[in-house]
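Step one of this worksheet: look at the structure below.
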Amino acid sequence: MSDVFEKVMELAKRRGFIWPTSECYGAVAGFIDYGPLGAMMKRRVENIWRDFYVIQEGYYEIECPTIGQEAIFVASGHVAGFADKMFQCPHCSEYFRADHVAEEYCFVNAGTMSADELEARLAHEKCPSCGEVLGKVEVFNFNLMFKTTIGPGSQRTGYLRPETAQGMFTDFPRLLRFYRDKLPFGAVQIGKSYRNEISPRQGMIRLREFTQAEAEIFVHPNEKNHPKFSRYAGYTMPLYTSDAQEKKGEAVAVSMKDAVQKGLIANEYVAYYLALTHQMLVAIGIRPDRLRFRQHMCNERAHYASDCWDAEVFSERFGWVETVGIADRTDYDLKAHAEHSGTDMSVFIQYGEPKKVQRRRIVPNMSVLGKQYRQKAKAIFAALEKAEPTPNGTDVTVDGETIHIPADLFEVRDEVVEVRGEDVVPHVIEPSYGIDRMCYAVLEQAYDEDTADGETRVVLRLSPAVAPVQVAIFPLMARDGLDTIAEEITHSLHARGILAEYDDSGAIGRRYRRQDEIGTPFAITVDYDSKEDRTVTIRDRDSMKQARISIADVPEIVCALVAGSRTFASLCK
RNA sequence: GCGCCGAUAGUGUAGUGGUUAUCACUAGGCGUUGCCAACGCCUAAACCCGGGUUCGAGUCCCGGUCGGCGCACCA
């Protein structure tokens, strides 16, 4: 009994959407090839993503290497944190997370114990699976990053990035300058990321090499109202809140405005991108009734994220599949990179009006102190700035030595200074899209079988926006000049950037079926009337209806149909 | 990584240890046909990889790879 997954993957393989990678040597789990049609469709999905994020939002795209030096991932926490301590039971061969088992046995600070400590302590405990006393186990780190070396001699460690996000963070100072030192702004990146999954399954749902489209939007920590929130304030869609999940409830349709007001969503920024994501997924052809937004429970949320939602698409095969993650990552990443790199990752925010601030300043008598303390003078000056002065002078501690500075060697000035602004480390709103999962969802939902003239017709009901081939051109017969007219029409469409496929092979019905199967939304047929009156038929994939249009109008009509600015029904008078 | 199951033309499949490995669809060529997988003729195309048992292996055994399911994993 074959389900939709099997049918659609069989079609995808046969017609050139998705192939197992390096098949001639045996495929490798977690890697796939996009064939000619798949690569085209994926590109169209990515370009729709660009329409939203780059064109509509104005967040420019950058492109960083997929290999990063070790320091990046030390700072991001991936070197230490993207690994799991695991061990295998010597009796039953089961694998376990060492820290999880340790917690079950109530070890104190199980999460921070070293591998050696865990080995020593676990030796006396029983295997959670088979119940035998574990004895000697080997606790090892399994890091999900692919490691490599940079340059000859393997001196320098590099990692394949596990997310594209870090590039936007490490480029932050340059991006800030590019956006002329103002918040908010955003940068996006579409590219490959890599995770060495232990056991990838489920076709293109869990890959070791996959394509992400991520946006990092840098906002003022206290200004999380989106300036264009009105665009989506009334947008209503199903939200599956953490509260509803705890109570075993269901997703409920809420408007973004209400969701923010009721505190279901942390802020307008998160809500804005939830709605934008919904709109975009529908634009690539995801059915709204198979789409919901699930909030992370407190315990599954990364420790630095203040709110996190997954856009989940319902798959007939896999159930609800998380396809997009939208998180408020706060200032975690920028602070980490600032600390590890020593580079400032803050923005100077000017106040509307300069603030007058009362400030006490201790001004040392440089000439006397300098002569008296010589090498120590510099450290003493620094210490004095933070000292608490008394009428009898003050004590400062330099290199463990307490030195008394008499009151006549410094001056205390109470002054009012103008402060024009402050340094702020922005918070980051991160919508992160799994392009491959989106592509799978599009294919699965587009797959359909109907009956035409008593025969089963397989049809991919792809949106014209993502269909790899946008229109097919058929001469009814490949002779009598029909082929020439059809070729001319094909070229006129190519000139408009439309991917039109000419096909004169086989019966006309067979050619329609071939195109139905790869989701080509429209087909134009040149017949003998075309020679007389310069008209052709245009046929709609889904309804299989035809309309007669002038050859001269073909490019404009096809462009309008593909763009969605005109419906096929409007052609049928 | 463990357990169970599977792997045969492009796709889906048949195949008692013994001829030249079955059939359908698909694809290519020729003819025919004049708007929805028509028809005729012709052609191309496969036993996952490596060992073993045997006179002989697509078939039996062992190991591997890939895929599916269950477990574990999925910051």
Side-chain angles (χ1 to χ4, degrees), chain A residues 2-3 5-7 9-16 19-32 35 73 76-84 86-89 91-97 99-101 111 128-130 140 142-145 162-163 195-203 205-208 296 300-305 308 317 322 325 327 332 450-459 472 474-480 482 505-517 523-530 536-541 543-546 548:
Chain A
S2 63
D3 64 8
F5 170 79
E6 277 158 14
K7 286 179 173 179
M9 290 320 272
E10 184 270 307
L11 187 154
K13 202 196 289 182
R14 188 162 44 78
R15 296 305 306 272
W19 290 326
T21 195
S22 60
E23 220 179 347
C24 65
Y25 291 106
V28 185
F31 298 92
I32 56 164
F73 302 110
S76 71
H78 285 97
V79 168
F82 203 51
D84 296 329
M86 296 182 71
F87 71 90
Q88 188 178 21
C89 170
H91 310 290
C92 66
S93 303
E94 282 284 353
Y95 277 83
F96 299 97
R97 285 277 299 269
D99 50 337
H100 287 184
V101 175
S129 176
C130 68
F140 58 94
F142 186 80
N143 191 294
L144 268 12
M145 281 195 296
E163 58 177 11
R195 297 178 189 186
N196 200 1
E197 300 285 354
I198 296 169
S199 171
R201 293 270 178 85
Q202 304 168 330
I205 299 291
R206 248 177 89 205
L207 295 170
R208 289 185 167 126
H296 278 203
E300 69 179 305
R301 211 161 57 201
H303 59 283
Y304 49 79
C308 187
R317 174 62 167 241
E322 60 173 278
Y332 176 86
D450 64 9
T451 308
D453 297 330
E455 301 255 13
T456 302
R457 180 176 79 124
V458 173
V459 51
F474 307 142
L476 192 57
M477 303 301 296
R479 57 165 190 250
D480 304 328
L482 301 189
S505 149
I508 190 74
R510 174 177 300 281
R511 286 181 259 166
Y512 284 138
R513 291 293 182 280
R514 270 201 286 255
Q515 296 296 334
D516 288 341
E517 201 178 43
I524 285 170
T525 302
V526 178
D527 57 22
Y528 284 93
D529 290 346
S530 305
V536 288
T537 59
I538 180 162
R539 177 254 197 191
D540 174 54
R541 175 196 67 206
S543 64
M544 294 171 66
K545 287 196 176 131
Q546 292 186 314
R548 197 140 195 115

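Residue numbers start from 1 in every chain, and the chains themselves are labelled A, B, ... in the order their sequence lines are given, proteins ahead of strands. All values reported here derive from a predicted model rather than from experimental measurement.
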Extract from the structure each pairing of a protein N or O with an N or O of nucleotides 10-12 of chain B at less than 3.5 Å, listing the distance.
unit_1, atom_1, unit_2, atom_2, d
B:U11, O2', A:E10, OE2, 2.6

Taking only the [atom1] atom of each, what is the distance from [N] to [M] in whole angstrom?
N     : M     : atom1 : value
B:C61 : B:G17 : P     : 11 Å
B:U59 : B:G3  : C1'   : 25 Å
B:U33 : B:A38 : C1'   : 8 Å
B:A46 : B:U8  : P     : 14 Å
B:G10 : B:G28 : C1'   : 13 Å
B:A9  : B:C48 : C1'   : 14 Å
B:A24 : B:U65 : C1'   : 30 Å
B:A7  : B:C49 : C1'   : 12 Å

Which pairs, protein N/O on one side and nucleotides 34-43 of chain B N/O on the other, fall under 3.5 Å?
unit_1, atom_1, unit_2, atom_2, d
B:G34, O6, A:Y528, OH, 2.7
B:C35, O2, A:Y512, OH, 2.4
B:C35, O2, A:Q546, NE2, 2.4
B:C35, N3, A:T537, OG1, 3.1
B:C35, N4, A:D527, OD2, 2.6
B:C35, N4, A:T537, OG1, 3.2
B:C36, O2', A:D453, OD2, 3.1
B:C36, O2', A:R513, NH2, 3.0
B:C36, O2, A:R513, NH1, 2.6
B:C36, O2, A:R539, NH2, 3.1
B:C36, N3, A:R539, NE, 3.0
B:C36, N3, A:R539, NH2, 3.1
B:C36, N4, A:R539, NE, 3.1
B:C36, N4, A:M544, O, 2.8
B:A37, N7, A:T456, O, 3.3
B:A38, OP1, A:R510, NH2, 3.0

Going by side-chain contact (heavy atoms from CB on, under 4.5 Å), name the residues that satisfy it together with [X], two or more places apart in sequence or in a different chain.
X      : value
A:N196 : A:F146, A:R208
A:E23  : A:P20
A:E322 : A:D310, A:E312, A:R437
A:R317 : A:D3, A:F5, A:E6, A:S315, A:Y440, A:E444

Problem set entry | A:E197: side chain to side chain donor-acceptor pair (under 3.5 Å) partners, not counting sequence neighbours |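 For A:E197 the side chain to side chain donor-acceptor pair (under 3.5 Å) partners, ignoring immediate neighbours, are A:R206.
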For this session: Give RNA chain B the dot-bracket treatment, 5' to 3': Watson-Crick (N1-N3 with N6-O4 or O6-N4) or G-U (N1-O2, O6-N3) under 3.5 Å, [ ] crossing, | other strand.
Result: (((((((..(((.....[....))).(((((.......)))))....(((((..]....))))))))))))....
Using salt bridge (Lys or Arg N to Asp or Glu O under 4.0 Å) as the criterion, list what pairs up with [X], not counting sequence neighbours.
X      : answer
A:R457 : A:D450, A:D516
A:R548 : A:D527
A:R541 : none

Where [X] and [Y] come nearest, the two heavy atoms and their spacing:
X      : Y      : answer
A:A523 : A:F474 : CB-CE1, 3.8 Å
A:K13  : A:W19  : O-NE1, 2.9 Å
A:P475 : A:R511 : O-NH1, 2.7 Å
A:V28  : A:S22  : CG2-OG, 4.5 Å

[X] [atom1] to [N] [atom2]: how many Å, rounded?
X      : N     : atom1 : atom2 : result
A:L11  : B:U26 : CG    : C1'   : 12 Å
A:I205 : B:G68 : CD1   : C1'   : 15 Å
A:E163 : B:C74 : CD    : C1'   : 15 Å
A:W19  : B:C66 : CH2   : C1'   : 18 Å
A:R206 : B:C69 : CZ    : P     : 12 Å
A:K7   : B:U13 : NZ    : C1'   : 16 Å

Exercise. Can you find a side chain N or O atom of A:R317 that sits less than 4.0 Å from OP1 or OP2 on B:C69?
Worked result: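 True: A:R317 side-chain N/O within range (under 4.0 Å) of B:C69 OP1/OP2.
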Exercise. Quick one: on RNA chain B, does A:G30 or A:E197 contact a more 5' nucleotide (nearest heavy atom)?
Worked result: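 Counting from the 5' end, the first nearest nucleotide belongs to A:G30.
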For this session: Verify, without hydrogens or angle tests, whether A:R195 (side chain) and A:P162 (backbone) share a donor-acceptor contact under 3.5 angstrom.
Result: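 Pair found, side chain donor or acceptor close to backbone of A:P162.
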For this session: Measure the OG1-CG distance between A:T21 and A:L207 for me, rounded to the nearest 0.5 Å.
Result: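 That separation rounds to 10.5 Å.
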For nucleotides 47-49 of chain B, which of its nitrogen or oxygen atoms have a protein nitrogen or oxygen under 3.5 Å away, and what is each distance?
none

Problem set entry | Sidechain N-carboxylate O distance under 4.0 Å for A:R14, A:E517 |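 Here A:R14 pairs with A:E517 in a salt bridge, since their nearest N and O are under 4.0 Å apart.
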